[in-house]
Amino acid sequence: MAHDASHLPVQDPVALLRERFVAAIDAAFPTLRAEGVAIDPMIVASKQAELADYQSNAAMGLAKRVGKPPREVAGAILAKLQLDDVCEPVTAANIAGPGFVNVRLRKDAIANALMSMDAPSLGVALSGEPHTIVVDLMGVNLAKQMHVGHLRSPVIGDAIARLFERVGHKVIRQNHVGDWGLNIAMTTARVMRLASEGTLSIDRITLDDLDKAYAAAQAECQRDMAGLAAARQWHMGPKVIAELEAQVDGATNAFLEARKTLVALQAKEPATYAVWKKIYEVTMRTCIEVCQLLDVKVTDADSAGESSYADELAPMVDDLISRGIAVQDQGALIVRLDGSGLAIPTGEESIKEPCLIRKTDGGYLYATTDVCAVRRRVQKLHAHRGVYVIDARQNLHMRQVFLTSKLAGYATHPKTGKFAQLEHAAFGSVLGEDGRPFKTRSGDTVKLADLLRETFERARQAVQSKCDERNVTLSPQELEHTSRCVGIAALKYADLSTDKAKDYLFSFNRMLAFEGDTGPYLLYAVVRIKNIFRKAAETGVLAGEGSSWKQGPIGVNAPAEKTLALALLRYPGVLQSVGATLDLHRLCQYLFEVAGCFASFYDQCPVLNADDAAVRASRLRLCDLTRRVVEDGLGTLGITAPERM
RNA sequence: GUGCCCGUAGCUCAAUUGGAUAGAGCGCUGCCCUCCGAAGGCAGAGGUUGCAGGUUCGACUCCUGCCGGGCACGCCA
């Protein structure tokens with residue numbers, strides 16, 4: 001058995017080595033388990049290929065516990081290790097530095113691991129029960145054009161959603177549409193007024209019209225509200241405020257009209273509601289169009305607008321009051337999160353700033369809606385986990401909403417009785433190449449539609465000129481498809497390949513660059529592999545062999561083959577760890593590494609021109625597996641590779 | 001004032017969550033297409049990880065204090 005690796009159920013070498021090292025540590029230090037110490041062998045892929053394939057970092061941590069020098073501990077573990085069937089012989093020379101244990105896999109073990117990974121799942125398996133995960137990945141506002149500020153959330157959120165789906169969880173996407181409140185009422189009121197004046201046709205209204213109406217309505221009401229706000233800020237008392245309100249309402253009808261419209265909307269008064277509905281449809285149509293352009297999986301079915309919570313707010317607030325969760329403070333209704341009232345659950349951090357639930361005038365705030373959304377997502381949708389892919393500037397707000405929901409019991413999962421895991425996947429702002437907020441030359445905000453158009457146009461030119469260079473002719477349809485793939489890859493990879501918590505420097509030139517760590521580079525790696533198989537089919541190299549190469553053994557002999565193989569084997573582990581941390585840039589970095597390994601392999605190891613049929617078959621399998629891993633990983637990021645480019 | 005995020009090569013970013021000599025890409029200097037597409041590969045130069053302490057076998061990572069930048073802080077969303 002010791003030398004028969006062919007039947008080992010090896011998929012992930014890390015898992016196998018973990019088992020073997022746990023057994024060895026158990027045998028070397030039997031008292032540990034009795035003491036209830038969790039044994040973590042800390043197996044990790046080695047950073048330096050010249051030292052090892054994998055290493056265990058356990059000895060150093062164990063040293064203090066067992067009262068022996070780390071290298072001695074490593075020696076004791078090593079004495080009990082049984083790895084002959086999968087690793088090259090392990091001797092005292094494998095102990096390095098302070099007590100690292102280095103191991104090198106046998107080539108046949110690598111090959112076996114690769115072959116067991118060569119399945120539709122690519123070795124990715126769900127450990128434990130599938131969870132229901134709500135991903136809040138978009139929050140478009142009614143009657144407003146989408147702009148650069150709306151770019152990151154769907155790109156990052158969709159990737160996170162796809163990742164959870166890929167590892168086997170149930171994902172519910174939520175587009176938290178800003179479709180309710182006074183601002184919307186103001187716009188609705190203005191649109192109705194313009195329509196009755198005959199200067200606007202509601203049937204033919206565009207998002208551009210709405211965008212203008214929104215801004216104009218804001219301006220109409222703004223100066224009046226500014227006066228009110230000043231009066232309130234200086235604590236001039238309800239009497240003065242009331243007088244000002246009267247003055248203001250008399251001066252312009254806009255503010256009064258907006259409030260009346262809000263009441264009408266809340267009552268679903270037919271004429272008003274119909275206009276609102278039209279505004280909603282026009283906004284959402286372009287929103288969904290943008291999602292399709294970006295290849296972001298968000299549909300109308302994922303929309304859960306603020307309006308959908310409107311009727312639930314009053315009863316929820318009553319519930320909060322009756323149970324003493326919310327209390328009056330300076331005329332408003334708040335939930336204290338600093339521990340002065342309700343006790344903060346263990347493991348949660350208190351927050352000094354209270355959560356404002358209801359205004360002095362009785363109106364609700366966005367925190368009210370967001371708490372309500374937590375309640376629905378956990379209580380009705382049964383979310384075990386809620387991921388909010390929202391601008392980092394909302395961090396305090398999100399923490400307040402989460403803690404309020406927990407104090408209210410809304411975040412307690414109905415089945416498990418435990419808090420749902422609520423997390424703010426915060427991301428930074430989009431900056432221009434000058435390091436300042438991304439704007440047009442004239443200083444306006446960049447419309448998302450314009451940004452996408454320019455991306456695809458630049459991608460098309462890049463693809464076209466490359467094809468001219470190579471004497472490749474693409475049909476107009478294929479050019480169109482390839483350009484979209486390249487554009488999407490460039491845009492998304494640039495966004496996803498850095499730590500999302502940081503601000504993100506947007507640069508067309510960099511993301512669409514012909515060389516380097518970019519989306520197009522990864523697509524190119526995939527296309528090169530596809531070309532090999534196309535060429536094989538065209539030239540009949542595989543004629544007579546059929547698809548027999550798919551079953552043949554994989555040989556891992558050349559250095560480049562081994563490096564590539566070890567990289568491929570890390571894939572399931574990378575997906576798993578990224579699923580826990582939501583650090584998508586690690587998946588990007590991994591894919592870039594695999595693509596790099598493949599490029600070296602491609603350079604050094606002839607595939608179709610291999611010396612003999614067995615090597616050729618083996619390398620074809622390696623190519624195929626590489627292609628599937630990279631395409632699978634890119635797909636998880638929401639990126640699709642074309643056939644040719 | 002309080003809180004959150006950040007500070008790494010000239011530029012843009014990483015660093016397996018405390019592991020070995022801090023790595024990539026761009027740019028720069030050299031090589032490699034009679035051979036599966038060079039959007040590629042190989043090699044080189046480039047660093048006191050903002051500063052000062054501390055924790056330990058080991059710190060870019062954790063703790064404390066400064067310096068510098070961004071953001072947020074009850075009746076907008």
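Note on naming: letters A, B, ... go to the chains in the order of the sequence lines (proteins, then strands), and numbering restarts at 1 for each one.
Nucleotides B/G10 and B/G19 have their C1' atoms positioned 30 Å apart, rounded to a whole Å. Nucleotides B/C13 and B/C60 have their C1' atoms positioned 14 Å apart, rounded to a whole Å. B/C73 and B/G27 have their C1' atoms separated by 42 Å, with the value rounded to a whole Å. For the C1' atoms, the distance linking B/U61 with B/U16 amounts to 12 Å, nearest Å. Taking the P atom of each, B/A20 and B/U34 are spaced 42 Å apart, rounded to whole Å. Rounded to a whole angstrom, the distance from the P atom of B/G44 to that of B/G23 is 13 Å. For the P atoms, the distance from B/G25 to B/A52 is 31 Å, rounded to whole Å.
In this structure, A/R528 forms a cation-pi arrangement with A/Y602, its terminal cationic atom sitting closer than 6.0 Å to the ring centre and no more than 45° off the ring axis.
In this structure, A/R644 does not reach the B/G37 phosphate: none of its side-chain N or O atoms is under 4.0 Å from OP1 or OP2. At the phosphate of B/A38, neither OP1 nor OP2 sits under 4.0 Å from any side-chain N or O atom of A/K466.
Using a 4.0 Å heavy-atom criterion, one finds that A/Y602 contacts the bases of the nucleic acid, with or without backbone contacts as well. In this structure, A/M42 reaches neither bases nor backbone, as no heavy-atom distance under 4.0 Å exists between it and the strands shown.
Here B/C5 presents its P atom at 15 Å from CG of A/D391, a figure rounded to the nearest Å.
Between A/S497 and A/N395, it is A/N395 whose nearest contact on RNA chain B lies nearer the 5' terminus. For the pair A/I334 and A/C605, both in contact range of RNA chain B, the more 5′-proximal nearest nucleotide belongs to A/C605.
When each of B/A20, B/C75, B/C6 is scored by its nearest atom to the side-chain atoms of A/K47, the top-ranked nucleotide is B/A20. Ranking B/C76, B/G37, B/U17 by closeness to the A/D583 side chain, first place goes to B/U17. The side chain of A/L365 has B/A77 as its nearest neighbour among B/A14, B/A77, B/A15.
For A/F508 and A/F506, the distance between ring centers is under 6.0 angstrom. Remark: aromatic rings of A/H176 and A/Y388 are distant, center separation not under 6.0 Å.
The residue from A/L575, A/L569, A/L568 that alone fulfils the side-chain contact (heavy atoms from CB on, under 4.5 Å) condition with A/Y571 is A/L575.
No salt bridge links A/E538 with A/K535; every basic N to acidic carboxylate O contact stays at or beyond 4.0 Å.
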